[in-house]
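Counting starts at 1 for both ligands and their atoms, following the listed order.
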Amino acid sequence: MPKIKLRYQRVSDAKRFYEILNNPNFIYISLKLKSIQEEKEWLAKGKERRKNNLSYDFAIVYQNKVIGAVGVRVNPHLKGNGDIGYFIDEAYWGKGIATEAVKLIEKFAYKVLKLYRLELRIKPKNKASIKVAIKNGYRKEGLLRGRKGKNEDCYLFAKVKD
Ligand SMILES: CC(C)(COP(=O)(O)OP(=O)(O)OC[C@H]1O[C@@H](n2cnc3c(N)ncnc32)[C@H](O)[C@@H]1OP(=O)(O)O)[C@@H](O)C(=O)NCCC(=O)NCCS
């Protein structure tokens, strides 16, 4: 397993995230950035999102380099529920990094946030992400029709703490 670390995202990560996300091969993720400035503005509000218990967003650090991100969003309507999202720089795909990052954020969500149910929403064609979910023991609960736009469905994967 690769040795990765998670740390809270910083405004100074903006350029790196912009670079990673601006990849034409990121076809199954809806996150599209217009500019580094837009990313800076999002990152600047990270602390406030944590303070308001909305989301906890981390940079993934591997060999001292930021190579991706993983975050957990707390469901404000369903106590104990949250959902996870992630992306990895293409240069680092296939090394088990997303799988490891989900394991780490899961621990954080269970222990620190006291969540017990975690969800992942994944487009059916995103085979790599489906593999990440399955390798971490998430179960497919169904197809959410029109969840990503009128004609864009996605699978719901979830894990409930033992
Ligand atoms: C999805 C993503 C996060 C996976 O990251 P990663 O670090 O490469 O994931 P891992 O290495 O932990 O696991 C990926 C698995 O999928 C497999 N895989 C990759 N492409 C695949 C494909 N087209 N078909 C089937 N399996 C595939 C890999 O071989 C690996 O499985 P293995 O460990 O059994 O070999 C990365 O591809 C990414 O950032 N994509 C763009 C953003 C995105 O889609 N985010 C998720 C939104 S739900």
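The nearest protein atom to atom 34 (O) of ligand 1, hydrogens excluded, is given as Lys131 NZ, 2.7 Å; this is a heavy-atom distance. Protein heavy atom at the shortest distance from atom 13 (O) of ligand 1 is Lys135 NZ, 3.2 Å. Among all protein heavy atoms, the one lying closest to atom 23 (N) of ligand 1 is Lys127 CB, 4.0 Å. Ala98 CB, 3.8 Å is the protein heavy atom nearest to atom 4 (C) of ligand 1.
In this structure, of Phe26, Tyr155, Trp93, the residue bringing a heavy atom nearest to atom 36 (C) of ligand 1 is Trp93. Selection from Asp89, Val102, Ile130, Ile88 by nearest heavy atom to atom 39 (O) of ligand 1 gives Ile88. Counting only non-hydrogen atoms, the option in Phe87, Tyr92, Tyr28 that gets closest to atom 42 (C) of ligand 1 is Phe87. Nearest-heavy-atom check against atom 21 (C) of ligand 1 across Gly94, Ala128, Gly68 picks out Ala128. When Asn126, Ile134, Ile29 are ranked by how near their heavy atoms come to atom 44 (O) of ligand 1, first place goes to Asn126.
Between Lys123 and ligand 1 there is no heavy-atom distance shorter than 4.0 Å.
Scanning for salt bridge (Lys or Arg N to Asp or Glu O under 4.0 Å) contacts around Asp57 gives Arg49, with sequence neighbours left out. Looking at residues two or more places apart in sequence or on another chain, you find a salt bridge (Lys or Arg N to Asp or Glu O under 4.0 Å) between Arg7 and Asp13.
Under 4.0 angstrom from ligand 1, the non-hydrogen atoms of Lys95 all belong to its backbone. The proximity of Arg121 to ligand 1, defined as any non-hydrogen pair under 4.0 Å, is limited to the backbone. Contact annotation for Leu120 and ligand 1: no heavy atom of the residue comes within less than 4.0 Å of the ligand.
Inclusion of Tyr86 in the set of residues having an N or O under 3.5 Å from an N or O of ligand 1 is warranted. Of the N or O atoms in Gly96, one or more lie within a sub-3.5 Å distance of an N or O in ligand 1. Of the N or O atoms in Val132, none lie within a sub-3.5 Å distance of an N or O in ligand 1. Ligand 1 has no N or O atom lying under 3.5 Å from any N or O atom of Ser129, backbone or side chain.
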